[in-house]
Amino acid sequence: MQYLPNILFAVVLIIGIGFFARNVKKITRNIRLGKDTDVSDNKPQRWKNMAKIALGQSKMIVRPISGLMHLLVYVGFIIINLEVLEIIIDGLLGTHRIFAPLGNAYNILIGSFEVLALLVIVAVVVFWIRRNVIKLQRFIKPEMKGWPKKDANWILYIELILMLLFLTMNAADYQLQQLGTDHYVQAGSFPISQFFIPLFDGISTQSIILIERSAWWLHIVGILFFLNYLYYSKHLHILLAFPNTYFGSLEAKGKLKNLDAVTQEVMLMMDPEADPYAAPAEDAAEPEKFGASDVTDLNWVQLLNAYTCTECGRCTSECPANLTGKKLSPRKIMMDTRDRLEEVGKILDANKGNYVDDGKQLLDDYITMEELWACTSCNACTEACPVSIDPLSIIMDMRQYLVMEQSAASSDLNNMMGNIENNGAPWPFNQMDRLNWKDES
Ligand code: SF4
Ligand code: SF4
């Protein structure tokens with residue numbers, strides 16, 4: 001019986017981490033459904049980008065208020081969770097505050113965790129007000145209705161509860177230390193939770209122990225729950241922002257990629273020396289399909305992008321198409337890609353890893369042609385994204401499919417492309433007539 005809490009703790013830990021590992025496996029499998037792409041170049045620059053953008057939050061600070069608040073929550077959450085290590089060791093070994101022998105260093109750590117916990121609470125409240133009271137434009141766009149809105153609020157509630165549990169646990173512990181209760185070693189400093197002490201006036205020692213133990217258990221169970229909630233949430237970005245910024249594009253801003261087969265074809269057309277009847281070069285492999293109509297046509301970095309999207313809407317708030325009332329929202333492009341990828345993943349789960357055609361695809365069932373053709377390819381969305389996501393690349397791949405596989409460009413575009421092909425210019429005039437204007441009176 002003496003070891004029952006330790007055994008129970010070990011079981012809870014194994015279940016929590018086990019489910020998390022299962023979810024990580026699913027995400028990895030789904031991302032691997034994407035086509036291969038070579039991102040092995042310039043590793044030093046990639047590490048630098050990750051350190052600057054994901055760790056240093058450099059793109060968040062562009063909007064100072066939300067950037068600072070986000071930084072507080074991020075730093076607070078990471079650092080406070082160092083204390084989870086102590087909880088895990090205590091839970092497994094049946095000790096209490098095992099790092100207490102660190103002395104003053106321990107006191108400073110616990111004290112700074114408490115200050116950060118308070119700052120996290122302030123930031124979470126500000127975030128909640130921005131979303132639910134002030135209702136910032138980017139948080140109330142059509143794609144944010146339903147689950148995305150609930151998810152954003154749930155994350156704030158969970159963070160708030162975890163921080164309050166942490167402070168309650170410390171306050172009860174501090175009171176028990178002052179009462180000289182067995183097992184509660186004198187350790188830590190409590191600059192914030194000390195103000196909760198009056199709440200324990202008139203409460204028996206046994207009840208305070210119960211409060212301390214309940215807060216301790218709920219805190220660690222809450223953390224394990226949160227860890228598993230990530231998979232279903234936009235909050236997955238706290239993990240994926242790191243690989244995503246590492247694998248982000250190093251190309252010049254806004255550079256569009258060309259298909260090799262098409263490039264070679266055009267080069268051949270432009271080369272006056274080329275033999276139009278020559279057999280194609282052996283390495284000029286033609287792709288099975290031009291562009292993308294479903295998630296499996298995208299590359300794995302684009303799929304990683306979709307899982308990393310924080311749904312912050314910074315891209316949409318900078319998108320000229322969205323700002324002028326068009327249906328396009330780059331955030332929705334990413335959310336749709338993730339939703340469709342999840343749908344494909346569920347089909348695989350239900351059919352022992354085999355894909356069974358469900359008659360649906362990313363194009364039309366999630367993203368419409370109207371959205372795709374509204375894009376000006378200005379690259380503002382990619383520039384604005386705080387975690388190096390590139391919605392434009394998905395839009396361009398899907399457009400490529402529409403043009404090259406479906407000939408489904410708008411009539412204006414089809415006319416322009418026909419003119420370029422026939423007249424060498426986007427206008428419907430023969431090249432021989434180009435200088436006619438000089439004879440006009
Ligand atoms: S590239 Fe397209 S989606 Fe991105 S901001 Fe510009 S118009 Fe909007
Ligand atoms: S793509 Fe980037 S900017 Fe747009 S919502 Fe997602 S995380 Fe935010």
Side-chain angles (χ1 to χ4, degrees), residues 45 49-50 52-54 56-68 70 130-131 135-144 148 152 234 237 240-241 244-258 291-292 298-299 301-338 362-363 366-403 409-410 412-413 416:
Q45 184 60 42
N49 285 353
M50 187 173 84
K52 204 169 107 192
I53 303 170
Q57 306 261 302
S58 61
K59 288 180 98 178
M60 287 300 295
I61 301 296
V62 175
R63 298 187 186 198
I65 297 178
S66 57
L68 185 69
H70 187 271
R130 278 156 44 97
R131 278 181 184 272
K135 296 191 176 167
L136 288 188
Q137 269 299 313
R138 67 187 158 110
F139 297 136
I140 55 170
K141 296 272 177 187
E143 68 268 20
M144 293 307 286
K234 71 179 184 112
H237 75 270
L240 295 186
N244 201 72
T245 47
Y246 179 86
F247 292 119
S249 172
L250 299 182
E251 297 286 1
K253 289 173 184 174
K255 182 180 174 189
L256 301 176
K257 76 174 166 42
N258 292 322
L298 297 171
N299 67 51
V301 175
Q302 290 170 313
L303 300 186
L304 174 65
N305 278 188
Y307 271 122
T308 309
C309 179
T310 74
E311 298 173 15
C312 66
R314 288 176 182 229
C315 52
T316 298
S317 71
E318 306 263 330
C319 172
N322 191 276
L323 291 174
T324 48
K326 312 282 189 313
K327 219 178 147 202
L328 173 64
S329 160
R331 168 173 56 191
K332 179 177 171 291
I333 298 289
M334 301 317 302
M335 291 165 76
D336 284 343
T337 304
R338 176 173 174 173
L362 186 60
L363 180 65
Y366 285 85
I367 300 172
T368 61
M369 285 207 269
E370 186 185 342
E371 290 166 81
L372 294 173
W373 290 120
C375 177
T376 66
S377 67
C378 67
N379 202 43
C381 49
T382 308
E383 279 289 293
C385 182
V387 282
S388 302
I389 288 170
D390 184 1
L392 176 59
S393 73
I394 296 180
I395 294 171
M396 295 314 286
D397 283 0
M398 293 182 77
R399 277 188 181 182
Q400 200 168 49
Y401 173 82
L402 286 173
V403 173
S410 67
D412 286 348
L413 268 177
M416 184 200 74

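Nothing fancy with the numbering, it's 1 onward along the sequence. Computed over heavy atoms, backbone and side chain alike; hydrogens, waters and symmetry mates excluded.
A distance of 7.0 Å separates OG in Ser393 from CG in Asn299, rounded to the nearest 0.5 Å. Between atom CD1 of residue Ile389 and atom CD1 of residue Ile394 there is a gap of 9.0 Å, rounded to the nearest 0.5 Å. Interatomic distance, Met144 CE to Lys234 NZ, rounded to the nearest 0.5 Å: 6.5 Å. Summarising the geometry, atom CD belonging to Gln57 is positioned 10.5 Å from atom CG belonging to Leu68; distances are rounded to the nearest 0.5 Å. Of the inter-residue distances, the one linking Leu298 atom CG with Leu304 atom CG reads 12.5 Å to the nearest 0.5 angstrom. In this structure, CG on Asn379 lies 11.5 Å from CD on Glu318, to the nearest 0.5 angstrom.
For Gln137, the CD atom counts as loosely surrounded, since its 6.0 Å shell holds 12 or fewer non-hydrogen atoms of other residues, nucleotides or ligands.
Annotation: side chain of Asn49 is in contact with side chain of Leu250 (closest heavy-atom distance under 4.5 Å). Residues Asn244 and Asn305 meet the side-chain proximity criterion, which asks for heavy atoms closer than 4.5 Å. Counting only heavy atoms from C-beta outward, the side chains of Cys312 and His237 never approach each other to under 4.5 Å. For the pair Leu372/Ile395, a side-chain contact is recorded, criterion being any heavy-atom separation below 4.5 Å from C-beta on. Side-chain contact between Ser329 and Lys141: absent, with no pair of heavy atoms (C-beta onward) separated by less than 4.5 Å. Residues Glu371 and Met398 have side chains not in contact (no heavy-atom distance under 4.5 Å, counting atoms from C-beta outward). The shortest side-chain heavy-atom distance between Leu392 and Pro330 does not fall under the 4.5 Å cut-off. Thr245 is not listed as a side-chain neighbour of Thr308, based on a closest heavy-atom distance of 4.5 Å or more.
The nearest pair of heavy atoms linking Phe247 to Val301 is O-CG1, 3.8 Å. Residues Cys315 and Arg331 share a closest heavy-atom pair of SG-N, 3.5 Å. Thr382 and Pro391 make their closest contact through OG1-CD, 3.8 Å (heavy atoms, listed as atom of the first residue, atom of the second, distance). For the pair Gly67 and Arg314, the tightest heavy-atom approach, listed with the atom from each and the gap, is N-NH2, 4.4 Å.
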Practice prompt. Go through Glu143 and Arg338 one step at a time and tell me if the salt bridge (charged side-chain N to carboxylate O under 4.0 Å, His left out) criterion holds.
Written response: CA-CA 13 Å; Glu143 68 268 20; Arg338 176 173 174 173; over 6 Å; no
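Salt bridge Arg131/Glu311: absent, no basic N to carboxylate O contact under 4.0 Å.
Taking the side-chain contact (heavy atoms from CB on, under 4.5 Å) definition, one finds that Ser410 meets it with Asp412, Leu413, sequence neighbours left out.
The residue from Asp397, Thr337, Asp390 that alone fulfils the side chain to side chain donor-acceptor pair (under 3.5 Å) condition with Gln302 is Asp397. Checking Asn322, Ile333, Thr368 one by one against Leu328, the side chain to side chain contact (heavy atoms under 4.5 Å, CB included) holds for a single residue, Ile333.
Here the side chain of Lys332 pairs a donor or acceptor atom with the backbone of Tyr366 at under 3.5 angstrom. Put simply, the side chain of Lys59 gets close to the backbone of Glu383: a donor and an acceptor are under 3.5 Å apart. With hydrogens and angles disregarded, no donor-acceptor distance shorter than 3.5 Å links the side chain of Arg138 to the backbone of Thr316.
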